[in-house]
Amino acid sequence: ALPQGGVPATVTWFLTDASEQRLEARRARFLRRMDALTHVLSAATAECSTLVDTGSRALLAARAQFPDDIDIGQALQALSRTQAVLAQLAGFARRRARRPALRDLRDLLDQISPVLVHVTGDDVTWTMAIGDEPLYASLDVSELEQCLAAIVTQGREALPLGGQMRLTLSGTLQEGAADEGRGTRPEITIGIELQGYGLQPVVISATVQNQVTRIGAELATEQPDHLTTRLVLRLPRVFVTS
C-alpha cells in the first residue's frame, strides 16, 4: 500500500476521521427522525387523552342508567387499559424531548402551527397573530406542543357547528397588588379566541390542567359575549439582553 515508504499513521488518521464524520451524520439523521416522531407522538397522545376523557364520562353516565350492562363494563375496562398505555407513551415523549431551555415563542409557534391546524379540523378556520417582538420563555418544546394541542382540542369541541379559532401572542406586564406582596411580573400571553354559532362552554379537563402545570403556566377562560370564548395561557417571560 506504501511502495515509496511513508508513515501509515497518516492514512489511518484520515480513515478514522471520515468514519467519525459518517457516524456523526448518521446520528444527526437519527435524532432528527426521533424529534419528528416525538412531535407526532405528542399530538396523538393529547388527542387520544381527550378522547378517552370524553368517552369515560359518557360511559360512566351510561353505566348509571344500565348498571348491569356487560358491554359498558368491558368498555370501561378497555378505556382503563388505554389510559395506562397513553401514560407510558406520554412518559416516553417527555423523556425523548429536550430539557427546558430558553426559546423564542414566535419560532416555536411557527413550528407547532401545522399540528394545531390539523387538530382544529376542516370546519374551523385557524389563524395566528404572533407579532414581531421576540418573546422568550424557559420551557420544553414537546410539553408546550402537547399542552397547546390539548387546549385547541377542547376549543374545537366547543364549536360543534364550526367557526373560527385565532391564536394571539403578546408580552405583558401584570401589576400585582401591593397587599399581595407582589411586584410587576413579566408574562407572555397566548390567547386562543373561539367564535361561532352554537358555541358551547369550554370544559378544561384534569389532563389539560396537568399539562398546563407542567410547563409552569396558568390557564384562564374569558367569555366577553355569547359568541366568543377566549382561552388565555400565561407563561413567565424571560428578558434577554445582548
Side-chain angles (χ1 to χ4, degrees), residues 35-36 38-40 42-43 46-47 97-159 162-177 182-196 199 202 204 208-209 211-242:
D35 285 340
T38 301
H39 285 302
V40 175
S42 299
E47 186 83 7
R98 299 180 179 92
R99 294 179 178 179
L102 194 63
R103 303 184 186 279
D104 185 358
L105 265 295
R106 296 178 311 156
D107 294 337
L108 291 185
L109 289 174
D110 275 336
Q111 297 174 19
I112 297 172
S113 60
V115 175
L116 302 181
V117 171
H118 173 74
V119 170
T120 57
D122 297 332
D123 57 347
V124 176
T125 302
W126 172 263
T127 57
M128 287 201 320
I130 57 178
D132 300 323
E133 178 189 5
L135 295 173
Y136 292 94
S138 179
L139 45 75
D140 183 279
V141 178
S142 178
E143 289 188 347
L144 176 67
E145 181 178 309
Q146 285 188 7
C147 181
L148 287 178
I151 292 174
V152 169
T153 300
Q154 303 273 262
R156 183 196 62 190
E157 292 183 352
L159 293 169
Q164 299 177 354
M165 197 176 298
R166 177 180 173 83
L167 183 147
T168 57
L169 176 68
S170 61
T172 62
L173 293 176
Q174 180 179 1
E175 297 290 345
R182 293 174 52 194
T184 302
R185 184 176 69 177
E187 288 186 339
I188 294 175
T189 300
I190 300 176
I192 300 177
E193 187 175 87
L194 318 175
Q195 288 186 330
L199 179 65
V202 178
I204 304 299
V208 176
Q209 288 289 2
Q211 291 172 330
V212 171
T213 302
R214 277 205 301 269
I215 65 173
E218 298 175 355
L219 180 62
T221 304
E222 303 171 355
Q223 190 164 11
D225 56 67
H226 68 284
L227 293 178
T228 306
T229 296
R230 194 164 185 260
L231 303 173
V232 183
L233 188 69
R234 293 187 175 91
L235 286 160
R237 180 177 178 179
V238 178
F239 287 99
V240 178
T241 57
S242 57

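If you read the sequence from its start, that first residue is 1, and numbering goes on from there.
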*Asks:* State the CD1-CZ distance between I192 and R156, to the nearest 0.5 angstrom.
*Replies:*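 I192 CD1 to R156 CZ: 13.0 Å, rounded to 0.5 Å.
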*Asks:* I'd like to check the side-chain contact (heavy atoms from CB on, under 4.5 Å) partners of E222; sequence neighbours left out, ordered by chain and number.
*Replies:*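 Scan of E222 (side-chain contact (heavy atoms from CB on, under 4.5 Å), adjacent residues dropped) gives R230, V232, R234.
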*Asks:* With a 4.5 Å heavy-atom cut-off, do L139 and L105 have their side chains touching?
*Replies:*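 Yes. Closest side-chain heavy atoms under 4.5 Å.
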*Asks:* Taking it one step at a time, do L135 and L235 satisfy side chain to side chain contact (heavy atoms under 4.5 Å, CB included)?
*Replies:* CA-CA 10 Å; L135 295 173; L235 286 160; over 6 Å; no
*Asks:* Specify the closest pair of heavy atoms between P236 and A137, including all atoms of both residues, with the distance to one decimal.
*Replies:*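 P236 and A137 have their closest heavy atoms at O-CB, 3.7 Å.
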*Asks:* List in chain and number order the residues that pass side-chain contact (heavy atoms from CB on, under 4.5 Å) with T221, two or more places apart in sequence or in another chain; answer none if no residue qualifies.
*Replies:*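 Residues passing side-chain contact (heavy atoms from CB on, under 4.5 Å) with T221: I204, T229, L231.
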*Asks:* Show me the side-chain donor-acceptor pairs of residues 116-132 shorter than 3.5 Å, one per line, residues at least two apart or across chains.
*Replies:*
{"residue": "T120", "atom": "OG1", "partner": "V117", "partner atom": "O", "Å": "2.7"}

*Asks:* Looking at every non-hydrogen atom in both residues, tell me the closest pair between C147 and V212 and how far apart they are.
*Replies:*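 For C147 versus V212, the nearest heavy atoms are SG-CG2, 3.6 Å.
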*Asks:* Could I get the full list of side chain to side chain donor-acceptor pair (under 3.5 Å) partners for Q195, not counting sequence neighbours?
*Replies:*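 Result, side chain to side chain donor-acceptor pair (under 3.5 Å) vs Q195: T228.
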*Asks:* Output all residues satisfying side-chain contact (heavy atoms from CB on, under 4.5 Å) with P134, sequence neighbours left out; order by chain, then residue number.
*Replies:*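 side-chain contact (heavy atoms from CB on, under 4.5 Å) list for P134, sorted by chain: D104, R106, Y136.
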*Asks:* Check L233 against A217 and note the closest heavy-atom contact, atom names and distance.
*Replies:*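 So the minimum-distance heavy-atom pair works out to CD1-CB, 3.8 Å.
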*Asks:* If every non-hydrogen atom of S138 is compared with every non-hydrogen atom of V238, which pair is closest and at what distance?
*Replies:*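 It is N-CG2, 4.2 Å.
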*Asks:* Using the side chain to side chain contact (heavy atoms under 4.5 Å, CB included) rule, take L148 and V115 through it: C-alpha gap first, then chi angles, then the decisive distance, then the call.
*Replies:* CA-CA 10 Å; L148 287 178; V115 175; over 6 Å; no
*Asks:* If you measure from OG1 on T213 to CD on E143, what distance do you get to the nearest 0.5 Å?
*Replies:*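 It comes to 11.0 Å.
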*Asks:* Do the side chains of H226 and L199 get nearer than 4.5 Å, heavy atoms only?
*Replies:*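 Heavy-atom side-chain distance check fails, nothing below 4.5 Å.
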*Asks:* I need the minimum non-hydrogen distance between Q146 and R214, along with the two atoms involved.
*Replies:*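 Closest approach of Q146 to R214, heavy atoms only: OE1-NH2, 3.7 Å.
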*Asks:* How long is the straight-line distance from CD1 of I215 back to CD of E145, given to the nearest 0.5 Å?
*Replies:*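 One gets 12.0 Å once the value is rounded to the nearest 0.5 Å.
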*Asks:* Passes side chain to side chain contact (heavy atoms under 4.5 Å, CB included), I151 versus I190? Steps please.
*Replies:* CA-CA 11 Å; I151 292 174; I190 300 176; over 6 Å; no
*Asks:* Using the test salt bridge (charged side-chain N to carboxylate O under 4.0 Å, His left out), find all partners of R166 that sit at least two apart in sequence or belong to another chain.
*Replies:*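 Result, salt bridge (charged side-chain N to carboxylate O under 4.0 Å, His left out) vs R166: none returned.
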